[in-house]
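Working notes for the structure below.
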Amino acid sequence: MIKNRTRTYGICKFLLILPLILILFSSCRSKKIITDASKFRNVKLKGSLKERYSSILEVSEREIKNQKLYKFIDEWMGVPYASGEMNKKGVDCSGFTCMLQKEIYGKNLPRTSRQMAENLKRKYEGKLQEGDLVFFDFNGQKYSHVGVYLMNNKFVHASTSRGIIISDLKDPWYYKYFSRGGSARD
C-alpha cells in the first residue's frame, strides 16, 4: 500500500512538472508551417528559417538563398483567406501575391489574378524560378487563383480553406487546374 502511494505521488509530481519540461525544451525557433506539400503536413518544424524551409521544399539548405522571401512567408503563414482583404486578419490570393511581389521584388502588380496573368512573361513549367507566378483555373474561370512559385514544384498561396499555405504544383488536385506560370513584367 505504501509502495502504491509513493508511486501515485511520483506520477502526480511528474504530471505537474511535465508542462514545464515541455516549455523548457521547446525551441523558440520552431514554428508550425502550414503545408499540404509534403510529409511535413501539419508538423511543427524546428530549426532556423533555412532548416525549416529546406525541409518543406525538400532541397538543401544551400538552396535557400532569399531569406527575405522566406521570412515574409513565415510572417504570413496561416493567415486566413478573406476575399478582397490584404492584412494579417485575412488576405486573398491576389492580395498576398501583390504584397509579396512588392515587398520582396519591388514589383507593382495589378490587384486581380486575371490582370496579373495578362501581364505575364510566360515560361514553360520546367523553367519556373523562385518568385514566378503560377495560375490556376478553378470553377471553370480562367486565372481565378494565383500563387508564387518557390522551388522544387512548391508554391505559396492563399488557400480559401486553409489560408496562407505551401502546396505542391504536382499534387494531382492542383495540377489538373494549373493554367500557366511565368514572371511578372515590370
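These numbers come from the heavy atoms of this one structure, side chains and all, not from hydrogens, waters or symmetry mates.
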| said: Could you check whether F135 and F178 have their ring centres less than 6.0 Å apart? | reply: no
| task | Step through it carefully: locate the ring centre of Y177, locate the ring centre of F138, and say whether they are under 6.0 Å apart. | result | yes
| message | For K121, is the NZ atom crowded, meaning more than 12 foreign heavy atoms sit under 6.0 Å from it? | response | no
| In this structure, are over 12 heavy atoms from other groups packed under 6.0 Å from N87 atom CG? | yes
| query | Can you say whether the rings of H145 and F136 are parallel (under 30°), tilted (30 to 60°) or perpendicular (over 60°)? | reply | tilted
| task | Name the orientation class of the two ring planes belonging to F96 and F72 (parallel below 30°, tilted from 30 to 60°, perpendicular beyond 60°). | result | tilted
Hey, are [Y] and [X] close enough side-chain-wise for a donor-acceptor pair under 3.5 Å?
X: S113; Y: Y143; answer: no
X: E125; Y: Y175; answer: yes
X: Y70; Y: E130; answer: yes

Supply the atom-to-atom distance [X] [atom1] to [Y] [atom2], rounded to the nearest 0.5 angstrom.
X: R114; Y: N119; atom1: CZ; atom2: CG; answer: 14.0 Å
X: Q129; Y: M151; atom1: CD; atom2: CE; answer: 10.5 Å
X: Q115; Y: C98; atom1: CD; atom2: SG; answer: 9.0 Å
X: M116; Y: L109; atom1: CE; atom2: CG; answer: 5.0 Å
X: I56; Y: I64; atom1: CD1; atom2: CD1; answer: 10.0 Å
X: K71; Y: I73; atom1: NZ; atom2: CD1; answer: 12.5 Å

Taking C-beta and beyond as the side chain, do [X] and [Y] meet within less than 4.5 Å on heavy atoms?
X: D132; Y: L120; value: no
X: L100; Y: W76; value: no
X: Q101; Y: L133; value: yes
X: Y53; Y: K50; value: no

Determine whether a donor-acceptor pair (N or O, by modelled atom type, separation under 3.5 Å) exists between the side chain of [X] and the backbone of [Y].
X: D137; Y: G140; result: no
X: N153; Y: D168; result: no
X: N152; Y: K154; result: no
X: K89; Y: A82; result: no

For [X] against [Y], the heavy-atom pair lying closest together:
X: K68; Y: I104; answer: O-CD1, 3.5 Å
X: L128; Y: G181; answer: CD2-C, 3.8 Å
X: Y105; Y: G131; answer: OH-CA, 3.3 Å
X: V91; Y: M99; answer: CG2-CE, 3.7 Å
X: S94; Y: R111; answer: OG-NH1, 2.6 Å
X: S167; Y: H157; answer: OG-NE2, 2.8 Å

Can you get from [X] to [Y] by hopping between Ile, Leu, Val, Met, Phe, Trp and Tyr side chains that sit under 4.5 Å apart?
X: Y81; Y: V79; value: no
X: V148; Y: I166; value: yes
X: M77; Y: Y149; value: no

| field | Carboxylate-amine/guanidinium contact R52 D74, below 4.0 Å | value | yes
| field | Derivation and outcome, side chain to side chain contact (heavy atoms under 4.5 Å, CB included), residues V134 and R180 | value | CA-CA 6 Å; V134 288; R180 67 172 53 175; over 6 Å; no
| request: Could you walk me through whether I165 and V156 pass side chain to side chain contact (heavy atoms under 4.5 Å, CB included), step by step? | output: CA-CA 6 Å; I165 187 171; V156 63; over 6 Å; no
